[in-house]
Trainee: 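One structure follows; several queries about it will come next.
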Amino acid sequence: MSDGQKVFTPSQPLEPGARYGILSDFEPGTRTLEAGFQIAPPFKPLPVDIVLDKDVAVTLRDGVTIYVDVFRPAGTERVPVIVAWSPYGKGQGSSASVMGIFGMVGLDNAIVSGLEKFEGPDPAYWCARGYAICNPDIRGIANSEGDSVIWDRQEGLDCYDLIEWLGVQDWCTGKVAMSGTSYLAVSQWFTAAEQPPHLAAINPWEGVSDVYRDLVLRGGMPDTGFARQLQDNSYFGKGQKEDILTEAERHPLMDDLWENKIPQFENITVPAYVVASYSNTLHTAGTFRAWRRMASEDKWLRVHNSQEWPDYYDEANVEDLRRFFDHTLKGEDNGWEQTPRVRYSLLDLQGGDQINVPADQFPPADVTSTKYYLDGRTRTLATTAPDAEATAGYAVASHPDLVSFVTRFDEETTLVGYPKAHLWVEADGSDDMDLFVLVQKLDAYGTPLQAFTALNQGALAQDVTERGASILRYKGSDGRLRVSMRHLDKALATDDVPAHAFDRVEKLSPGEVVDVEIDLLPVGLTFHPGEQLRFLISGRSLLGTMMPGIREYEPANSGRHVIHTGGDRASYLQLPVKTA
């Protein structure tokens with residue numbers, strides 16, 4: 001069983017410092033925060049009286065006690081409650097670290113009250129509109145008992161117990177929901193899969209849904225830079241925390257440990273409002289995967305054109321979310337059910353983005369998967385395969401250490417959906433290849449087009465995104481694969497979205513040419529007449545790190561990579577072309 005495969009390392013207590021907020025002290029009791037209360041000068045004052053039940057003990061099914069803060073409207077009326085589940089301290093909203101993150105993406109701290117959990121709903125807004133907010137310190141965090149884990153079924157079981165405790169409180173209507181971005185989104189997949197009876201709706205706002213494929217071994221490569229940041233800079237508590245870095249070293253193939261860190265999507269039946277983007281290299285694949293595979297009949301998807309934090313706290317988007325919760329938690333007949341099941345964005349990368357484009361599904365029904373064949377002789381892409389075989393390649397340690405192929409669009413062309421690459425490849429001088437691919441938009445003159453996803457576009461943002469921090473600047477749709485891990489999972493793979501089993505290693509023999517399929521992140525891109533698409537293949541990451549300040553992955557490559565095209569080895573890039 002996976003529990004026996006887990007590895008733990010000592011944690012350390014949450015102490016005053018960058019991640020310590022004004023409400024981080026352990027102070028059980030109930031108090032009223034009166035209208036006008038301001039937790040600190042940068043933050044928004046409260047619009048109404050709010051009752052704070054602080055450090056309330058909740059006992060989980062195995063006897064472990066966790067502590068939660070509940071913010072609820074003053075008065076005797078029963079209200080629904082929204083849970084923000086994560087290992088980040090429940091009082092961290094007013095901490096220097098969270099304020100710094102807001103500054104990094106260009107958000108003003110005055111848009112929130114500082115009572116919110118990092119990446120979670122703001123009690124100031126929701127309590128004023130008849131909702132309570134529950135901010136837990138989950139298992140192993142701060143003063144809560146036990147050892148913390150990273151994204152698996154244990155979190156779903158724990159949150160189930162909290163939801164059932166909340167649902168029977170005398171101030172609660174019995175309706176409980178979840179909301180939040182990143183970690184707070186991931187925990188919703190696991191919780192909803194356990195089907196707690198009082199859970200009435202979820203709102204996952206960008207989050208991984210497969211720890212192996214999204215976090216520690218994307219493409220079969222041990223790229224653990226962000227996992228290290230997550231493990232080292234979170235999970236502060238008095239016990240132990242899961243050592244996912246050691247687990248990744250000991251378990252490089254998909255096994256029970258990692259299977260336990262994939263939600264049981266077929267059990268997610270609760271109403272869901274899912275929010276995604278094309279540009280978050282940590283969360284995009286996982287959010288779309290969960291959207292596709294979850295069983296909910298009442299599910300809505302919105303694909304935005306920015307970065308998750310500005311999008312989550314945007315006033316119009318918060319109001320949109322309230323309509324969903326008013327409908328699913330309060331039973332209001334507010335027209336929410338007429339909301340298009342999918343609202344997607346189309347990126348222009350020159351200021352002409354379209355947002356909230358309605359559709360019944362994703363990709364939209366009028367999208368056709370179209371093969372663009374690589375020609376190693378002309379370095380072009382075309383919808384007909386070259387008759388003649390040709391190759392293109394690069395020496396791993398040389399410059400340039402990539403090859404690319406270009407096509408120019410003569411008419412307005414829209415891509416929306418799932419790209420993939422089907423390549424015939426050879427490792428000359430090695431028995432394996434780490435391959436990285438990127439779909440890039442060029443203007444009519446061949447200049448690469450990019451766009452910041454966050455509001456901050458100053459010099460520091462320019463610097464940190466020059467060769468990394470890909471969540472903050474969109475440079476195109478990327479994918480990656482270690483070729484020895486090319487075996488497809490026939491149960492999960494589709495013609496549009498390859499899914500690899502990652503359960504075996506198939507090294508290459510000298511002179512062997514193999515075909516591989518590589519999934520790229522979903523895309524929504526508009527090309528105007530004369531603009532171009534460039535498809536890049538390299539032995540190094542073409543986007544750099546996901547986050548600022550983390551260690552960059554060094555591929556295990558050597559020798560020369562050869563891409564075969566044309567004839568019986570017609571490599572192609574498959575693109576989702578909108579036909580109407």
Trainee: If you compare all heavy atoms of I39 against all heavy atoms of G114, which two are closest, and at what distance to 0.1 Å?
Mentor: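 Heavy atoms only, the tightest pair is CG2-CA, 4.2 Å.
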Trainee: Does the pair D223/R218 count as a salt bridge with the N-to-O cut at 4.0 Å?
Mentor: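 Answer for the salt bridge query: no.
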Trainee: Around E315, counting heavy atoms of other residues, nucleotides and ligands shown, do more than 12 lie under 6.0 Å from its CD?
Mentor: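 Atom CD in E315 is not crowded, with 12 or fewer foreign heavy atoms closer than 6.0 Å.
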Trainee: With the side chain counted from C-beta on, respond yes when S94 and F43 share a heavy-atom pair under 4.5 Å apart, and no when they do not.
Mentor: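 Counting from C-beta outward, S94 and F43 do come under 4.5 Å.
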Trainee: Check each of W300, W291, Y418 against F362 using the ring-ring contact (aromatic ring centres under 6.0 Å, His included) test, and report the only one that passes.
Mentor: Y418
Trainee: Does either side chain, that of Y344 or that of N356, offer a donor lying less than 3.5 Å from an acceptor on the other one?
Mentor: no
Trainee: Any chance the side chains of T453 and S279 put a donor and an acceptor closer than 3.5 Å?
Mentor: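 Checked: T453/S279 side chains show no N/O donor-acceptor pair below 3.5 Å.
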Trainee: Check whether T339 reaches the backbone of W336 with its side chain - one donor and one acceptor, N or O, closer than 3.5 Å.
Mentor: yes
Trainee: If the threshold is 4.0 Å, N to carboxylate O, is there a salt bridge linking D519 and R213?
Mentor: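 R213 and D519: not salt-bridged.
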Trainee: Any donor-acceptor pair under 3.5 Å linking the side chain of W85 with the backbone of A185?
Mentor: no
Trainee: What is the distance from atom CE of M221 to atom OH of Y553, rounded to the nearest 0.5 Å?
Mentor: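 Between atom CE of M221 and atom OH of Y553 there are 5.5 Å.
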Trainee: If I take atom CG from residue L245 and atom CG from residue D232, how far apart are they, to the nearest 0.5 angstrom?
Mentor: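 It comes to 6.5 Å.
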Trainee: What are the two closest heavy atoms between F325 and A201, and how far apart are they?
Mentor: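 Distance-wise, the nearest heavy atoms are CE2-CB, 4.1 Å.
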Trainee: Under the 3.5 angstrom rule, does the side chain of Q188 hit a backbone N or O of N203 as a donor-acceptor pair?
Mentor: yes
Trainee: Looking at V275, N317, D314, which hits side chain to side chain contact (heavy atoms under 4.5 Å, CB included) with H304?
Mentor: V275
Trainee: Between Y474 and Y278, does a ring-ring contact (aromatic ring centres under 6.0 Å, His included) hold up when you go through it step by step?
Mentor: CA-CA 8 Å; Y474 183 64; Y278 307 120; 7.4 Å; no
Trainee: Using 0.5 Å steps for rounding, measure from the OG atom of S209 to the CD1 atom of I268.
Mentor: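 Here the interatomic distance stands at 8.5 Å.
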Trainee: In plain terms, say whether D326 and R323 are close enough for a salt bridge, that is, a side-chain N and a carboxylate O under 4.0 Å apart.
Mentor: no
Trainee: Do other residues, nucleotides or ligands put more than 12 heavy atoms under 6.0 Å from the NZ atom of K175?
Mentor: no
Trainee: Looking at D69 and K117, is there a salt bridge between them, counting it only when a charged N and a carboxylate O are closer than 4.0 Å?
Mentor: no
Trainee: Quick one: pull up CG in L215 and CD1 in I150 and give me the separation to the nearest 0.5 Å.
Mentor: 7.5 Å
Trainee: Report the C-alpha separation of L472 and V105 in whole Å, then their side-chain angles, then the decisive distance to 0.1 Å, and conclude whether the side-chain contact (heavy atoms from CB on, under 4.5 Å) test is met.
Mentor: CA-CA 8 Å; L472 300 177; V105 299; 4.0 Å; yes
Trainee: Work out which heavy atom in W258 is nearest to a heavy atom in A248; give both atom names and the distance.
Mentor: CZ2-CA, 3.8 Å
Trainee: Does R343 reach the side chain of D320, with side-chain heavy atoms less than 4.5 Å apart?
Mentor: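 Of all side-chain heavy-atom pairs linking D320 with R343, at least one is under 4.5 Å.
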Trainee: Between the main-chain N or O of H487 and the side-chain N or O of H500, is there a donor-acceptor pair closer than 3.5 Å?
Mentor: no
Trainee: If you define the side chain from C-beta out and look only at heavy atoms, does anything of P222 sit under 4.5 Å from E249?
Mentor: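 The answer is no; the side chains never approach within 4.5 Å.
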Trainee: Which residue pairs satisfy the salt bridge (Lys or Arg N to Asp or Glu O under 4.0 Å) criterion with at least one member in residues 276-303, sequence neighbours excluded?
Mentor: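 Every salt bridge (Lys or Arg N to Asp or Glu O under 4.0 Å) pair that includes a residue of residues 276-303, provided the two are not neighbours, is D214-R289, D298-R341, R302-D311.
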Trainee: Give a yes/no verdict on a cation-pi contact between R129 and Y125, requiring under 6.0 Å between NZ or CZ and the six-membered ring centre and an angle within 45° of the axis.
Mentor: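 So R129 does make the cation-pi contact.
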Trainee: In sequence, state the C-alpha distance, the side-chain angles, and the governing distance for W151 and Y183, and then conclude on ring-ring contact (aromatic ring centres under 6.0 Å, His included).
Mentor: CA-CA 8 Å; W151 287 329; Y183 202 111; 4.7 Å; yes
Trainee: What do the steps show when you test T9 against Q240 for side-chain contact (heavy atoms from CB on, under 4.5 Å), and what is the final call?
Mentor: CA-CA 5 Å; T9 188; Q240 299 185 102; over 6 Å; no
Trainee: side-chain contact (heavy atoms from CB on, under 4.5 Å), that's the test. Do V416 and V523 meet it? Break it down for me.
Mentor: CA-CA 5 Å; V416 55; V523 67; over 6 Å; no
Trainee: Quick check: closest heavy atoms across I141 and S148, and the distance to 0.1 Å?
Mentor: CD1-CB, 4.1 Å
Trainee: Using the test side-chain hydrogen bond (donor to acceptor under 3.5 Å, both in side chains), find all partners of S277 that sit at least two apart in sequence or belong to another chain.
Mentor: E206
Trainee: In Å and rounded to the nearest 0.5 Å, what is the CD to CG distance from Q195 to N267?
Mentor: 5.0 Å
Trainee: With no hydrogens and no angle check, do the side chains of D122 and S113 hold a donor and an acceptor under 3.5 Å apart?
Mentor: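 Looking only at side-chain atoms, S113 and D122 do form a donor-acceptor pair, the distance falling under 3.5 Å.
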Trainee: Which residue, L230, I138, D137, forms the side chain to side chain contact (heavy atoms under 4.5 Å, CB included) with P87?
Mentor: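 Exactly one candidate clears the test, I138.
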Trainee: Is it true that a side-chain atom of K90 and a backbone atom of E116 form a donor plus acceptor pair closer than 3.5 Å?
Mentor: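 It does not hold such a pair.
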Trainee: Is a donor from one side chain sitting under 3.5 angstrom from an acceptor on the other, for Y312 and S179?
Mentor: yes
Trainee: Please lay out, stage by stage, how D152 and K6 fare under the test salt bridge (Lys or Arg N to Asp or Glu O under 4.0 Å).
Mentor: CA-CA 11 Å; D152 67 12; K6 284 194 175 107; 2.7 Å; yes
Trainee: Quick one: does any side-chain atom of Q264 pair with a main-chain N or O of A193 as donor and acceptor, under 3.5 Å?
Mentor: no
Trainee: So that I can tick it off, tell me whether D53 and R31 are bridged by a salt bridge, with the cut-off set at under 4.0 angstrom between side-chain N and carboxylate O.
Mentor: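 Looking at D53 together with R31, the answer is no, because their closest N to O distance does not fall below 4.0 Å.
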Trainee: Would you list the pairs meeting salt bridge (Lys or Arg N to Asp or Glu O under 4.0 Å) in which at least one residue belongs to residues 238-247, sequence neighbours left out?
Mentor: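 Every pair satisfying salt bridge (Lys or Arg N to Asp or Glu O under 4.0 Å) with a residue in residues 238-247: E242-K261.
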Trainee: When rounded to the nearest 0.5 angstrom, what is the spacing between CD1 in I50 and CH2 in W126?
Mentor: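 Here the rounded value is 13.5 Å.
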Trainee: Under 4.5 Å between any side-chain heavy atoms of P204 and W189, yes or no?
Mentor: yes
Trainee: Given side-chain contact (heavy atoms from CB on, under 4.5 Å), test F102 with I111 step by step and report yes or no.
Mentor: CA-CA 10 Å; F102 266 50; I111 67 173; 4.1 Å; yes
Trainee: Below 4.5 Å, heavy atoms only, C-beta onward: do V81 and I133 meet side chain to side chain?
Mentor: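 The answer is no; the side chains never approach within 4.5 Å.
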Trainee: Looking only at heavy atoms, which two atoms of T224 and V216 are closest? And how far apart?
Mentor: CG2-O, 3.7 Å
Trainee: Give a yes or no on whether the backbone of Q229 and the side-chain of N233 come within a donor-acceptor separation of less than 3.5 Å.
Mentor: yes
Trainee: Between the side chains of W205 and E308, is a donor N or O closer than 3.5 angstrom to an acceptor N or O?
Mentor: no
Trainee: With no hydrogens and no angle check, is any side-chain donor or acceptor of Q307 less than 3.5 Å from a backbone partner on W309?
Mentor: yes
Trainee: So, the side chain of E319 versus the backbone of A316: is there a donor-acceptor pair under 3.5 Å, distance only?
Mentor: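 Side chain of E319 to backbone of A316: no pair is present.
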Trainee: Using every non-hydrogen atom in the two residues, find where T269 and S296 come nearest and quote the distance to one decimal.
Mentor: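 That closest heavy-atom pairing would be C-OG, 3.4 Å.
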Trainee: If you measure only the distance, is there a donor-acceptor pair under 3.5 Å linking the side chains of E164 and H198?
Mentor: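 Side-chain D/A pair, E164 to H198: present.
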Trainee: Main chain of G21, side chain of S95: is a donor-acceptor contact present, judged purely on distance under 3.5 Å?
Mentor: no
Trainee: Regarding Y313 and E119, is there a side-chain donor-to-acceptor distance under 3.5 Å anywhere?
Mentor: no
